[in-house]
Amino acid sequence: MTENNIPKSIRTTNTDTAYSPPQTAAIVENKAVTRARLRVTQTVALSIMAGIFVALGAQFATFVTSDSTLHFGLTSLIAGVVFSLGLILVETAGAELFTGNNLNILGYLSNRITTWELLRIWVIVYIGNFIGSLLMVCCMYKTHQFEFFHNMVGAKALLIAHKKVNLSFTEALARGVLCNALVCLNAWLCYSGRTLADKVLSVIFPIGGFVASGFEHCVANMYFIPMGMVLRKNPAVVAAAEKMAGKTLDLSQLTWKGFFINNLIPVTLGNFIGGVILIGTVLWFIYLRPDISFLSLNIKSDFPKRNKQ
């Protein structure tokens with residue numbers, strides 16, 4: 001994000017510090033307008049990339065923790081840090097991720113984008129993320145990485161998926177809310193940074209925190225659970241997973257129905273609440289609502305208003 005993306009009324013000459021919260025709010029608002037003006041093919045391609053990037057982080061986290069004998073908390077911390085790879089790639093490559101796109105609500109509430117534009121972006125990006133995730137499931141299965149360490153990598157992937165489809169609706173919803181609160185704050189931090197190093201470092205703690213805490217991310221689950229669904233048909237992987245778990249596993253919920261009903265729907269709803277309401281709407285109210293002057297700064301968009309439809 002360059003200085004040109006910030007309204008002239010709040011630009012500063014100091015390039016050594018991060019953008020202030022009011023400046024970041026203006027950047028996020030303008031970013032929503034930029035997304036609305038992308039061609040559909042651009043949005044589709046960028047969203048498929050985001051699905052692939054997040055899946056790369058997911059498989060990385062699965063791989064490095066597959067044979068960990070560390071304390072549960074330390075293992076979870078390692079998983080969170082290495083999973084951050086996916087969001088680092090998303091933020092630095094400009095890919096479009098559904099959860100981060102929830103911040104487009106700032107542009108909508110400021111009348112910079114229409115209802116149709118907002119919903120079109122969300123739907124296209126969500127579908128594109130799903131396509132990218134499933135492509136990575138196919139690619140990772142073809143690598144036979146799941147056979148590494150006597151099928152322990154596959155066993156870990158299967159156990160992750162099994163746990164996710166056996167959450168209650170309330171658990172999945174609440175974990176989704178908290179997850180996307182952190183993901184959107186991660187995006188906010190990235191927009192406030194001026195350098196690549198700023199953006200990379202700003203990803204690690206929010207993203208590592210949500211993963212280590214066991215929160216639920218709908219796009220990550222678009223990789224985790226289908227990967228488990230594929231591996232449940234492999235007897236060697238199932239045997240390794242049961243040995244790792246120390247018990248016989250009931251994999252009856254690891255189906256497309258279990259995926260959508262038990263996890264993806266409540267997690268997506270929770271992600272939406274956390275991103276759009278808990279973070280996006282609150283930050284708009286603080287920094288961008290009409291007739292507000294925060295710290296004597298008159299925040300105005302460089303883009304014209306549009307009437308909502």
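FYI, side chains are in, hydrogens and waters are out, and symmetry mates aren't considered; it's all heavy atoms of this structure.
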Task: N-O pairing of Lys164 and Glu216 below 4.0 Å - done: yes
- [ ] Assess whether side chain to side chain contact (heavy atoms under 4.5 Å, CB included) is satisfied between Leu185 and Leu189, documenting all intermediate values.
- [x] CA-CA 6 Å; Leu185 288 172; Leu189 288 173; 5.6 Å; no
Open item on the list: Is there a continuous path of hydrophobic side-chain contacts, each under 4.5 Å between heavy atoms, that joins Ile261 to Leu264?
Closed with: no
Task: Spatial distance of atom NZ (Lys199) from atom CG (Leu196) [nearest 0.5 Å] - done: 8.5 Å
Open item on the list: Between Arg232 and Leu254 (side chain of the first, backbone of the second, donor and acceptor by atom type, cut-off under 3.5 Å), is there such a pair?
Closed with: yes
Task: Donor-acceptor under 3.5 Å (Glu242 side chain, Lys247 main chain) - done: no
Task: From CA spacing to verdict: side chain to side chain contact (heavy atoms under 4.5 Å, CB included), Phe53, Ile88 - done: CA-CA 9 Å; Phe53 293 160; Ile88 288 172; over 6 Å; no
Open item on the list: How about CZ on Phe205, more than 12 heavy atoms from neighbouring residues, nucleotides or ligands closer than 6.0 Å, or not?
Closed with: no
Task: Reported CZ-to-CD1 distance for the pair Arg37 and Ile113, which is rounded to 0.5 angstrom - done: 11.0 Å
Open item on the list: Do Val238 and Leu249 make a side-chain contact, defined as non-hydrogen atoms from C-beta onward lying under 4.5 Å apart?
Closed with: no
TODO: List the atom of Leu288, the atom of Ser110, and the distance in Å for their closest heavy-atom pair.
DONE: CB-OG, 4.0 Å
Open item on the list: Could you report the tightest heavy-atom contact between Ser66 and Met244, atom names first, then the distance?
Closed with: O-CE, 3.5 Å
Open item on the list: Let me check something: do Ile204 and Val82 share a hydrophobic cluster, defined by ILVMFWY side-chain heavy atoms less than 4.5 Å apart, either directly or through other members?
Closed with: no
Open item on the list: Can you tell me how far apart CG (Leu109) and CD (Glu29) are? Round to the nearest 0.5 Å.
Closed with: 9.5 Å
Open item on the list: Quick one: does any side-chain atom of Arg194 pair with a main-chain N or O of Thr17 as donor and acceptor, under 3.5 Å?
Closed with: yes
- [ ] Could you tell me which non-hydrogen atom of Cys184 sits nearest to which non-hydrogen atom of Leu103, and how far apart they are?
- [x] O-CD1, 3.7 Å
Task: Smallest separation among heavy atoms of Cys218 and Thr268, with atom names - done: CB-OG1, 3.5 Å
Task: Proximity of Trp122 and Phe272 rings by center, below 6.0 Å - done: yes
Task: Full working for side chain to side chain contact (heavy atoms under 4.5 Å, CB included) between Ser76 and Val211 - done: CA-CA 7 Å; Ser76 299; Val211 175; over 6 Å; no
Open item on the list: Ignoring hydrogens and geometry beyond distance, is a side-chain donor-acceptor pair present between His217 and Asn221 at under 3.5 Å?
Closed with: no
Open item on the list: Using a 3.5 Å distance criterion without hydrogens, assess whether the side chain of Gln23 forms a donor-acceptor pair with backbone atoms of Ser20.
Closed with: yes
Open item on the list: So Leu134 and Met222, do their side chains get closer than 4.5 Å, heavy atoms only?
Closed with: no
Open item on the list: I'd like to know if the side chain of Ser68 and the backbone of Thr65 have a donor-acceptor N/O pair within less than 3.5 Å.
Closed with: no
- [ ] Please round to the nearest 0.5 Å and tell me the distance separating atom CH2 of Trp284 and atom CD1 of Ile105.
- [x] 9.5 Å
- [ ] To the nearest 0.5 angstrom, please state how far the CD1 atom of Ile277 sits from the CG atom of Asn180.
- [x] 11.5 Å
Task: Note, Ser47 side chain near Phe130 side chain (heavy atom, < 4.5 Å) - done: no
- [ ] Would you confirm whether Ser213, through its side chain, and Phe215, through its main-chain N or O, come within 3.5 Å as a donor-acceptor pair?
- [x] no
TODO: Determine, using the 4.5 Å side-chain heavy-atom cutoff (strictly less than), whether Phe224 and Tyr126 are members of one ILVMFWY cluster.
DONE: yes
- [ ] Classify the side-chain pair Thr195/Asp198 by whether it contains a donor and acceptor separated by less than 3.5 Å.
- [x] yes
Open item on the list: With a 4.5 Å cut-off on side-chain heavy-atom distances among I, L, V, M, F, W and Y, is there a chain of contacts connecting Ile273 to Ile265?
Closed with: no
TODO: Compare every heavy atom of Ala236 with every heavy atom of Asn234, then report the nearest pair and how far apart it is.
DONE: OD1-N, 3.0 Å
Show every donor-acceptor pair shorter than 3.5 Å between a side-chain atom in residues 144-156 and any protein atom, with sequence neighbours excluded, or say none if there are none.
residue : atom : partner : partner atom : Å
His144  : ND1  : Glu147  : OE2          : 3.0
Gln145  : NE2  : Gln59   : OE1          : 3.1

Task: Close side-chain approach of His162 and Leu251, heavy atoms under 4.5 Å - done: yes
- [ ] Quick one: closest heavy-atom pair of Leu158 and Ala241, and the distance?
- [x] CD2-CB, 3.7 Å
Open item on the list: Is the shortest side-chain heavy-atom distance between Tyr19 and Ile27 below 4.5 Å?
Closed with: yes
Task: Side-chain donor/acceptor of Asn102 to backbone N/O of Phe98, under 3.5 Å - done: yes
TODO: Could you tell me whether a side-chain N or O of Asn186 sits under 3.5 Å from a main-chain N or O of Pro206, the two making a donor and an acceptor?
DONE: no
Open item on the list: Between Asn263 (side chain only) and Phe259 (backbone N and O only), is there a donor and an acceptor less than 3.5 Å apart?
Closed with: no
Open item on the list: Counting C-beta onward and ignoring hydrogens, is there a side-chain heavy-atom pair between Thr24 and Leu283 closer than 4.5 Å?
Closed with: no
Open item on the list: Taking Asn30's backbone N and O only, do any of them form a donor-acceptor pair with Thr34's side chain (distance below 3.5 Å, no angle check)?
Closed with: yes
Open item on the list: When you compare the side chain of Ile131 with that of Ile127, does any pair of heavy atoms fall below 4.5 Å?
Closed with: yes
Task: Student check: side-chain heavy atoms of Val54 and Asn129 closer than 4.5 Å - done: no
Task: Same apolar cluster: Met227 and Leu167, side chain cutoff 4.5 Å - done: no
- [ ] Go through the steps for Leu173 and Val267 under the test side chain to side chain contact (heavy atoms under 4.5 Å, CB included), then give the verdict.
- [x] CA-CA 5 Å; Leu173 178 71; Val267 168; over 6 Å; no
TODO: Starting at CZ of Phe83, measure out to CD1 of Ile207 and round the result to the nearest 0.5 Å.
DONE: 7.0 Å
